[in-house]
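Note that these values count all heavy atoms, side chains included, but never hydrogens, waters or copies made by symmetry. Sequence positions, counted from 1, serve as the residue numbers for this chain.
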Amino acid sequence: FEFPADRILINLSPADLPKSGSGYDLPLALALLHATGQWSPPFRRLLAIGELSLDGGLRPVPGVLAGAQKCLAEGIDAFVVAEDSFVEATCVGGVPAACGSSLSSLVSSLNGPIVLPSPTALSPVDPPAFEWTLRGQESLVRALEVAAAGGHSLLLYGPPGAGKTLAARALEPLLPPLEPEAAVETTRLWSLAGMLPRRQGLLSQRPFRSPHHHATAEGLLGGGKLIGPGEISLSHHGVLFLDEAPEFSPRVLQGLREPLESGEVRVVRAGRSARFPALFQLVMTANACPCGQTGRDRGVCFCSGPEIRRYWDRIGGAILDRVDLRVFVTPERPDRVLSRPSADLGQLRESVLGARRRQRARGQGALLPNARLGIRHLERVCACDSASLAYLAERAQREDWSSRALHSLLRVARTLADLDDSETVLKDHLVEAVGLRRPQGEQYWEV
């Protein structure tokens, strides 16, 4: 191809919308070829996205999956991408796509017939490689099983070295794989953030994000100069793990309150706004006190009451009230660690998958785990007998629970019933749910 010697004027309308990135390289090159008569497109409307290198090669850019969905919604005749982005472009069915490794090969392929590739199928995946080393600590393993089965938020707190971080990371292999609809949403967000690997189709494993406690509000919630998704959106249908949660900025933690309730975040920057989905499962760890000695058999805590209160106030009661499961983790005795076998990961994973299948059988769908049940859904799926209702009313009056806490207990009890293959929420399920929300040893803060 020959570059024209004439003056070139390119109009990128609308003018008030800022443009950035190298994804405009390919459409500009194709438009220039058409304007100079070197190529005649056989389509009325063509959507192209890709970076053009100096040697004429095509490179992938972020946002290809979003472009494919837009192409399908608008009925565009063809979608043109770089060769490394072709798998991502065909994640949704019905999109006529073409690709090439260079500009010349792409133009040659566009002159031929455009096929409708079949959508990328989700292949079965094995759980992430993880050396499961939790020995003893049955209550902790049970809390992980319940959190994975219902998508519940989880707080692990106790002295350093008790295994809080190890247990939180042990949740990742217990998570069920992504369903097709959820996989499309999660993959689209990863594509927009430019984090999807090359030649990668739909994600099949739920994301597990663990940002550092120095993360900013823009990095966690989204935003920045170009308004991109943050860590909570990259954790969509997965887990957001905040290790040493009180070390995060209180401003950052308080920004999680609305996304935890609504499942989305709306970012506004200088007159521009964007909405990103954020259905994430929050997992946090913390010490019981600033010095970390509370909970040790031979530890001596010198923290005063106001110091402990200020330490927990960094998380805030509003966030703690939204946490379904709270486990006080204490160091396991050495004899139990050495003598007890580790928990059976395969059995736990099968139990979690069975509970998720029961939720789908009730018609909740892939995007509505028990942790996301609304009030009307709770009335339909949390059928309790008279003994259970009497126990719940008595505990609610004695503990002075908020309505959010009451609904949280019902959701956890529904998950416990699913794990027991019970259609009815029994009193035993409610008793265990109360114990998981207010475990023994929780005297350091009140919600």
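D243 is linked by a side-chain hydrogen bond (donor to acceptor under 3.5 Å, both in side chains) to T165, T285, counting only residues two or more places apart in sequence or in another chain. Listed by chain and residue number, nothing satisfies the ring-ring contact (aromatic ring centres under 6.0 Å, His included) test with H213 (two or more places apart in sequence, or in another chain). In this structure, the salt bridge (Lys or Arg N to Asp or Glu O under 4.0 Å) partners of R362, at least two apart in sequence or on a different chain, are D418. Contacts of P176 classified as side chain to side chain contact (heavy atoms under 4.5 Å, CB included), with partners at least two apart in sequence or in another chain: R206, V352, L353, R356. Applying the salt bridge (Lys or Arg N to Asp or Glu O under 4.0 Å) criterion to R45, with sequence neighbours excluded, gives no partner residue. Applying the side-chain hydrogen bond (donor to acceptor under 3.5 Å, both in side chains) test to H429 and every residue at least two apart in sequence or in another chain returns D420. A search for side chain to side chain contact (heavy atoms under 4.5 Å, CB included) contacts involving S191 returns L65, E88, L196, not counting sequence neighbours. The side chain to side chain contact (heavy atoms under 4.5 Å, CB included) test applied to A193 returns M195, P229, L234, not counting sequence neighbours. For A29, the side chain to side chain contact (heavy atoms under 4.5 Å, CB included) partners at least two apart in sequence or on another chain are L52, L103.
Residues L32 and L28 fail the side-chain proximity criterion, which asks for heavy atoms closer than 4.5 Å. The closest side-chain heavy-atom distance from P207 to W190 is below 4.5 Å. In this structure, the side chains of L240 and P211 come closer than 4.5 Å at one or more pairs of heavy atoms. The closest side-chain heavy-atom distance from F280 to L260 is below 4.5 Å. Using a 4.5 Å heavy-atom threshold, the side chains of V184 and C91 count as separate. Residues V265 and E258 are not in side-chain contact: their nearest non-hydrogen atoms beyond the backbone lie 4.5 Å or more apart. Residues V64 and F79 form a side-chain contact, since some pair of their non-hydrogen atoms from C-beta on lies under 4.5 Å apart. S233 has its side chain within reach of L189: a pair of non-hydrogen atoms, C-beta onward, lies under 4.5 Å apart.
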T36/Q38 under side-chain hydrogen bond (donor to acceptor under 3.5 Å, both in side chains): CA gap, chis, key distance, verdict: CA-CA 6 Å; T36 56; Q38 300 183 65; 3.1 Å; yes
Chi angles and distances behind the side chain to side chain contact (heavy atoms under 4.5 Å, CB included) call for D324, T415: CA-CA 11 Å; D324 298 331; T415 300; over 6 Å; no
Audit row: E247, R314, salt bridge (charged side-chain N to carboxylate O under 4.0 Å, His left out) steps and yes/no: CA-CA 8 Å; E247 300 301 324; R314 292 182 63 86; 5.7 Å; no
From CA spacing to verdict: side-chain hydrogen bond (donor to acceptor under 3.5 Å, both in side chains), R437, S408: CA-CA 9 Å; R437 184 174 178 87; S408 172; 3.3 Å; yes
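In this model, a donor atom of one side chain and an acceptor atom of the other lie less than 3.5 Å apart for S351 and E145.
Sorted by first and then second residue, the pairs that involve residues 91-110 and meet side-chain hydrogen bond (donor to acceptor under 3.5 Å, both in side chains), not counting sequence neighbours, are S102-S104, S102-S105. For residues 57-80, the salt bridge (Lys or Arg N to Asp or Glu O under 4.0 Å) pairs, not counting sequence neighbours, are E51-R59, K70-E74. Screening residues 90-99 for salt bridge (Lys or Arg N to Asp or Glu O under 4.0 Å), with sequence neighbours left out, gives no hits.
Judged purely by atom type and a 3.5 angstrom limit, T90 has no side-chain atom pairing as donor or acceptor with the backbone of V95. Counting only distance, with no hydrogens or angles, the side chain of K19 and the backbone of L12 share a donor-acceptor pair below 3.5 Å. Looking at Y24, its side chain never comes within 3.5 Å of a backbone N or O of I49 through a donor-acceptor pair. Between the S235 side chain and the G238 main chain, no donor and acceptor come within less than 3.5 Å of each other. Without hydrogens or angle criteria, S422 side chain to T424 main chain gives a donor-acceptor distance under 3.5 Å. Side-chain atoms of R395 do not come within 3.5 Å of backbone N or O of V434 as any donor-acceptor pair. The closest donor-acceptor contact from the side chain of R414 to the backbone of V381 lies under 3.5 Å. The backbone N or O of V268 lies less than 3.5 Å from no partner atom in the side chain of S273, so there is not a single donor-acceptor pair.
Residue E2 qualifies as open at atom CD: its count of foreign heavy atoms under 6.0 Å is 12 or below. Atom CD1 of I375 has 12 or fewer neighbouring heavy atoms from other residues, nucleotides or ligands inside a 6.0 Å radius.
Salt bridge E432/R142: present, at least one basic N to carboxylate O contact under 4.0 Å. In this structure, K164 does not pair ionically with E244, as no charged nitrogen and carboxylate oxygen lie closer than 4.0 Å.
Between the CD atom of E138 and the CG atom of L140 there is a distance of 10.0 Å, given to the nearest 0.5 Å. One distance of note links CD1 of I319 with CG of L282; it measures 7.0 Å at 0.5 Å rounding. Here the CZ atom belonging to R380 is positioned 10.5 Å from the CZ atom belonging to R376, to the nearest 0.5 angstrom. Rounded to the nearest 0.5 Å, atoms CZ (R357) and CG (D421) are 10.5 Å apart. Rounding to the nearest 0.5 angstrom, the gap separating the CZ atom in R209 from the CZ atom in F241 is 13.5 Å. Between atom CG of residue L110 and atom CG of residue L46 there is a gap of 6.0 Å, rounded to the nearest 0.5 Å.
Checking H377, H152, Q364, R358 one by one against N370, the side-chain hydrogen bond (donor to acceptor under 3.5 Å, both in side chains) holds for a single residue, Q364.
Contact between A48 and L30 at its shortest, heavy atoms only, is CB-CD1, 4.0 Å.
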